[in-house]
There are 2 protein chains.
Amino acid sequence: MKTANIEKTLHEKGITPTMQRRIIAQTLFSMGKHVGASELYSIVRQKNPGIGFATVYRTLQLLKENGLVEQRDFGDGKKRYERRDETHHDHLVCINCGKVEEFDVPVIERLQEEVAREKGFNMVDHRLELYGYCKKCREEKE
Amino acid sequence: MKTANIEKTLHEKGITPTMQRRIIAQTLFSMGKHVGASELYSIVRQKNPGIGFATVYRTLQLLKENGLVEQRDFGDGKKRYERRDETHHDHLVCINCGKVEEFDVPVIERLQEEVAREKGFNMVDHRLELYGYCKKCREEKE
DNA sequence: CTGGCCATTGATAATGATTCTCATTATTTA
DNA sequence: TAAATAATGAGAATCATTATCAATGGCCAG
Ligand SMILES: [Zn+2]
Ligand SMILES: [Zn+2]
Ligand SMILES: [Zn+2]
Ligand SMILES: [Zn+2]
């Protein structure tokens with residue numbers, strides 16, 4: 001994402017644009033998907049060693065609250081962050097190498113809605129992750 | 001679960017039956033579903049104040065490894081445990097009161113398999129949780 | 001019996017990700 | 001520009017879970 005766009009995005013959301021927030025957002029958006037906080041922190045530090053860990057967490061929280069970032073949890077004890085996409089997607093995770101694929105199956109989404117309705121719930125979120133071994137890892141095990 | 005059955009179950013799995021393990025397993029099985037470790041610990045302590053927290057964790061791990069217990073994670077920072085059921089199920093969680101409903105939709109299960117196959121993954125597990133507000137919580141908010 | 005071996009246990013320290021605190025700075029407001 | 005407000009960095013605190021380690025308890029070879 002271009003710097004100018006980050007500036008604009010933060011401004012649109014009413015987020016005070018500070019140097020730290022710019023760097024953190026820009027770094028996250030340039031790192032691809034499913035990035036952990038400590039991973040992000042170490043890259044951010046390379047650009048500006050003065051930025052603290054707490055600020056990375058605070059900024060991630062802020063971006064999440066403003067709908068710019070999605071928080072994921074693949075069950076390995078640390079949260080992952082990715083830029084919020086226009087389209088929803090779920091995840092397929094390799095339990096050997098950590099590779100993550102994304103997918104979206106509208107039929108599954110609809111069936112989830114239906115289940116929630118049947119049970120009297122007003123569904124506001126869901127979480128669907130498939131865990132297994134990717135092709136590469138299977139071939140290497142042979 | 002009856003005491004005799006626990007004894008038998010542990011024995012079948014080759015788990016050395018100790019007093020602690022019997023009490024922990026029996027307590028968990030009698031507490032219903034989706035129980036947290038500390039919650040379990042506090043009930044276990046009532047039966048035998050000498051049992052330590054570490055033993056509760058160790059036993060849960062043991063029961064899980066032997067397929068007697070399933071570990072769940074509803075994203076609130078603590079793991080939940082429930083006796084492993086003969087049939088698979090997924091969860092619907094109220095984000096206000098914590099109520100948990102279970103469901104199983106064979107079509108969703110099949111579609112998951114299909115996605116994994118398409119992406120070249122050998123799926124060994126999955127996780128599907130729906131989050132929302134249950135009927136009761138919605139009515140109370142009015 | 002009976003001393004030794006090995007699994008289990010309980011108390012407590014350690015871990016690791018995340019959050020909190022608070023004194024210091026930066027930004028906004030008037 | 002000065003006061004008011006918000007953000008930051010360093011490090012302490014939290015909280016669930018694991019690891020450590022000395023003590024305990026069976027169980028078996030002799
Ligand atoms: Zn892989
Ligand atoms: Zn993703
Ligand atoms: Zn509810
Ligand atoms: Zn369940």
Side-chain angles (χ1 to χ4, degrees), chain A residues 6-7 9-28 34-66 68-82 98, chain B residues 6-7 10-11 13-28 34-66 68-82 98:
Chain A
I6 302 231
E7 196 69 34
T9 305
L10 295 180
H11 197 263
E12 281 171 0
K13 297 290 183 178
I15 298 173
T16 312
T18 66
M19 184 251 287
Q20 290 87 339
R21 288 172 177 173
R22 276 187 280 258
I23 291 176
I24 292 166
Q26 188 170 77
T27 305
L28 175 61
H34 321 118
V35 175
S38 59
E39 202 180 337
L40 173 59
Y41 175 62
S42 73
I43 306 293
V44 162
R45 290 222 104 192
Q46 292 171 15
K47 301 191 188 177
N48 184 328
I51 295 180
F53 219 143
T55 301
V56 170
Y57 272 105
R58 280 188 288 237
T59 302
L60 286 170
Q61 176 69 19
L62 190 71
L63 296 174
K64 187 179 86 170
E65 282 168 356
N66 286 91
L68 299 174
V69 154
E70 296 228 45
Q71 192 181 57
R72 308 289 188 185
D73 177 359
F74 297 156
D76 63 346
K78 55 166 56 171
K79 309 252 175 66
R80 311 300 180 97
Y81 300 86
E82 63 179 316
Chain B
I6 302 231
E7 195 72 34
L10 295 180
H11 197 263
K13 295 289 184 179
I15 299 172
T16 311
T18 66
M19 184 252 287
Q20 289 89 335
R21 288 171 178 174
R22 276 187 280 256
I23 290 176
I24 292 166
Q26 189 171 77
T27 305
L28 175 61
H34 320 118
V35 175
S38 60
E39 201 180 339
L40 172 58
Y41 174 62
S42 74
I43 306 292
V44 162
R45 288 221 106 189
Q46 292 172 14
K47 301 191 188 177
N48 184 328
I51 295 180
F53 219 143
T55 301
V56 171
Y57 273 105
R58 281 188 288 237
T59 303
L60 286 169
Q61 176 70 21
L62 190 71
L63 295 175
K64 187 179 86 170
E65 283 168 356
N66 286 91
L68 299 174
V69 154
E70 297 227 46
Q71 193 180 55
R72 307 288 187 187
D73 178 358
F74 297 156
D76 64 345
K78 55 165 59 173
K79 309 250 175 68
R80 310 303 179 95
Y81 300 85
E82 64 179 314

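Throughout, protein chains are lettered first and strands after them, A, B, ... in sequence-line order, and every chain is numbered starting at 1.
We find that CD of B:Glu39 is positioned 17 Å from P of D:dC15, with the value rounded to whole Å.
Residues satisfying the side chain to side chain donor-acceptor pair (under 3.5 Å) criterion with B:Thr27, sequence neighbours excluded, are B:Lys47. Partners of A:Arg80 by side chain to side chain donor-acceptor pair (under 3.5 Å), not counting sequence neighbours, listed by chain and number: A:Asp76. The side chain to side chain donor-acceptor pair (under 3.5 Å) test applied to B:Gln61 returns B:Glu65, not counting sequence neighbours. Partners of B:Arg72 by salt bridge (charged side-chain N to carboxylate O under 4.0 Å, His left out), not counting sequence neighbours, listed by chain and number: B:Glu70, B:Glu82. Residues meeting the side chain to side chain donor-acceptor pair (under 3.5 Å) test with B:Tyr41, sequence neighbours left out: B:Arg45.
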Contact pattern, 5' to 3', of nucleotides 4-17 of chain C - B, S or - by protein heavy atom under 4.0 Å: ----SBBB-----S
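The side-chain heavy atoms of B:Leu60 and B:Lys79, taken from C-beta on, include no pair separated by under 4.5 Å.
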Show me the donor-acceptor pairs, under 3.5 Å and distance only, between side chains in residues 49-56 of chain A and residues at least two apart or in other chains.
{"residue": "A:Thr55", "atom": "OG1", "partner": "A:Arg58", "partner atom": "NH2", "Å": "3.4"}

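In this structure, A:Lys78 contributes its side chain and A:Gly36 its backbone to no donor-acceptor pair below 3.5 Å.
Base pairing in DNA chain C gives the following stems of 3 or more Watson-Crick or G-U pairs, range against range and under 3.5 Å: C:1-30 with D:1-30.
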